[in-house]
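Owing to the predicted nature of the structure, the values given are computational and were not obtained by experimental measurement. Position 1 is the first residue of the sequence, and the numbers go up from there.
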Amino acid sequence: MKNHNRLPLLVTAAVFALTACTPVADSTPTAEPTTTPEITAEPTSKPAAAETGPLYTYSHRYAQDVVYDVMPALNDQFDYSGTKVYKNDLNAGQTSLFYYCDDWCLADPYVTSNAVYLLTCNRDSENKIIALSPDGTKTHEIPFDSYASTVVLYSDRYFYCIGGLAPYDTASGFRLDLQTGETTPWDLPAETAAALDAAGNFAVTARLISDHPVPFTSDPEISDAFLQNSMLEYDLTDATTGKPTTKIAEFPYRGADDGSGYVYYTYLGKSGDDFYFTGEHSRSEEEGIKMSVLRVGGDSTQEDFGLMVNVNVSLLDLRQNGELQWLFTMSSNPGTLTVYDLQGTQIAQVDPPAGVESYYPISMLDDGRILLNIGYDLDHDYMTRYATIDADAFLNGSTEYTEMEFVG
């Protein structure tokens, strides 16, 4: 474990992020054991068992004391040869190789309380879910077509998957049992346009609301005319049944005139009973586009923070176990970070240490430490270099962070 006040200047390197699937190059990777059991996903008509939760979203991979990075493996000729998974133990301050396979995997691992799941996206072979135990042992595989379906939410037991969404297609989804491989329909309303977040055992979803039936067409004239007069309603949805139970808020799908220009709202996140939205404001040509933040309380009251951030400045959020803690802006990376609390009050301006190639907070851990991105490891597949720092120390401008040290 190494404590740094300054970091040496690193050579800028491209970061490989497998957010899309690409063909696998010819390679000779290490052979995998042939005894791994495979579970066949068979659709079932049994009633869906109740979700006991909690539900997780993408941000959950950064919520625990261990962070996993999925990176493409390169051979000596810089051809892709498979996938490496690195384990960052934030308490021990150590990074190590956790798992290797010759499959092409998506960049986002799905981390539960007792397993790590990888999704393959091979183009020349069938795809699957690879289940790993906390010690890196492959426990089983489940057939899964990552090109046909997207995992939008998950829990310790289930993946919640989407195959189509409104407005151009009827919403369709299913729930996949991560132990048995069985699937059950996830009966979302046909007008569902997104599954955005988790709120305990509930999903935060968005669906089209209109006086007319949704045409579900990609014809631009028909769809544009329909959407121009439609609303987008955000709901708390029962994860088991797929049925909306509580309305959070609704906004015009194409935005609306706010008296000074046009504003379009999109979902940002939640904290307790409050839900937050970003507003994209189209002003005059001189003013350009600006971003604001709107809070919708549990009693449906709405409060605008009064922030107006230029669109060329990133407006980002920091979460702890899926719950918003701070908002912050940055115009460059590395660059000065302006941090706000959830009432819209500026609480700090943080300058990056000299010599770093990246510097921004990723999440707040259970113990209150901040997880930082401080650059990329050129010797280990350009994986993210992580560090931790006390939250108050970060806000006060300290650079006494603890960097992960690679072992093994």
Side-chain angles (χ1 to χ4, degrees), residues 16-27 29 32 34 36-46 48-49 51 55-58 60-61 68 70-73 80-85 99-112 115-132 138-166 168-188 190 192-196 203 205 216 218 239 242:
F16 289 90
L18 297 181
T19 54
C21 299
T22 54
V24 180
D26 292 337
S27 60
E32 283 293 304
T34 59
T36 302
E38 180 177 293
I39 297 173
T40 302
E42 293 290 343
T44 175
S45 58
K46 298 176 184 177
E51 174 60 78
L55 291 176
Y56 307 129
T57 61
Y58 167 80
H60 185 67
R61 65 173 290 202
Y68 299 90
V70 180
M71 303 299 297
Y80 298 116
S81 60
T83 297
K84 290 181 181 179
V85 182
Y99 180 76
Y100 172 84
C101 68
D102 58 358
D103 289 290
W104 207 214
C105 295
L106 295 177
D108 303 331
Y110 295 86
V111 182
T112 69
V116 178
Y117 296 95
L118 308 177
L119 273 60
T120 70
C121 58
N122 303 310
R123 290 193 181 274
D124 55 358
S125 61
E126 292 186 356
N127 285 300
K128 60 197 173 187
I129 298 167
I130 300 173
L132 305 174
K138 179 161 57 174
T139 59
H140 61 279
E141 298 176 350
I142 303 172
F144 184 84
D145 188 350
S146 54
Y147 289 97
S149 302
T150 301
V151 180
V152 290
L153 298 170
Y154 67 105
S155 66
D156 284 350
R157 184 62 186 268
Y158 302 105
F159 273 1
Y160 292 84
C161 307
I162 291 292
L165 289 168
Y168 305 115
D169 196 3
T170 56
S172 60
F174 62 92
R175 189 176 77 171
L176 172 66
D177 190 311
L178 294 170
Q179 297 302 315
T180 68
E182 292 184 330
T183 62
T184 53
W186 194 26
D187 294 322
L188 297 166
T192 300
L196 301 158
T205 60
F216 298 115
S218 57

Specify the closest pair of heavy atoms between [X] and [Y], including all atoms of both residues, with the distance to one decimal.
| X | Y | value |
| --- | --- | --- |
| R175 | E51 | NH1-N, 4.0 Å |
| D177 | R157 | OD1-NE, 2.8 Å |
| A73 | Y100 | CB-CE1, 3.9 Å |
| V151 | L119 | CG2-CD2, 3.9 Å |
| T57 | Y154 | O-CE2, 3.8 Å |
| C161 | F144 | SG-CE1, 3.7 Å |

Is any side-chain heavy atom of [X] closer than 4.5 Å to a side-chain heavy atom of [Y]?
| X | Y | answer |
| --- | --- | --- |
| Y110 | H60 | no |
| R61 | P109 | yes |
| K138 | Y99 | yes |

field: Set of side-chain hydrogen bond (donor to acceptor under 3.5 Å, both in side chains) partners for D156, sequence neighbours left out
entry: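 Counting only residues at least two positions away or on another chain, D156 forms a side-chain hydrogen bond (donor to acceptor under 3.5 Å, both in side chains) with Y56, S113.
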
query: Under the side-chain hydrogen bond (donor to acceptor under 3.5 Å, both in side chains) test, which residues partner T192, sequence neighbours left out?
result: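 T192 satisfies side-chain hydrogen bond (donor to acceptor under 3.5 Å, both in side chains) with no residue once adjacent residues are dropped.
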
- request: Take I142 and Y117 through the test side-chain contact (heavy atoms from CB on, under 4.5 Å) and record every step on the way to the result.
  value: CA-CA 10 Å; I142 303 172; Y117 296 95; 5.7 Å; no

query: Which residue, Y160, F174, Y158, forms the ring-ring contact (aromatic ring centres under 6.0 Å, His included) with W186?
result: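 Only one of Y160, F174, Y158 forms a ring-ring contact (aromatic ring centres under 6.0 Å, His included) with W186, namely Y160.
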
task: List for me each residue that meets side chain to side chain contact (heavy atoms under 4.5 Å, CB included) alongside A193, sequence neighbours excluded, and say none if there are none.
output: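 With neighbours one apart ignored, the set is L232.
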
query: Checking H140 side chain against L178 main chain: does a donor-acceptor pair fall under 3.5 Å?
result: yes

Any donor-acceptor pair under 3.5 Å from S218 side chain to Y168 backbone: no

Rounded distance (nearest 0.5 Å) linking atom [atom1] of [X] with atom [atom2] of [Y]:
| X | Y | atom1 | atom2 | result |
| --- | --- | --- | --- | --- |
| L132 | I129 | CG | CD1 | 12.0 Å |
| I130 | T83 | CD1 | OG1 | 8.0 Å |
| N127 | C121 | CG | SG | 6.5 Å |

query: Name the one of D103, L118, D145 that satisfies side chain to side chain contact (heavy atoms under 4.5 Å, CB included) with K128?
result: D103

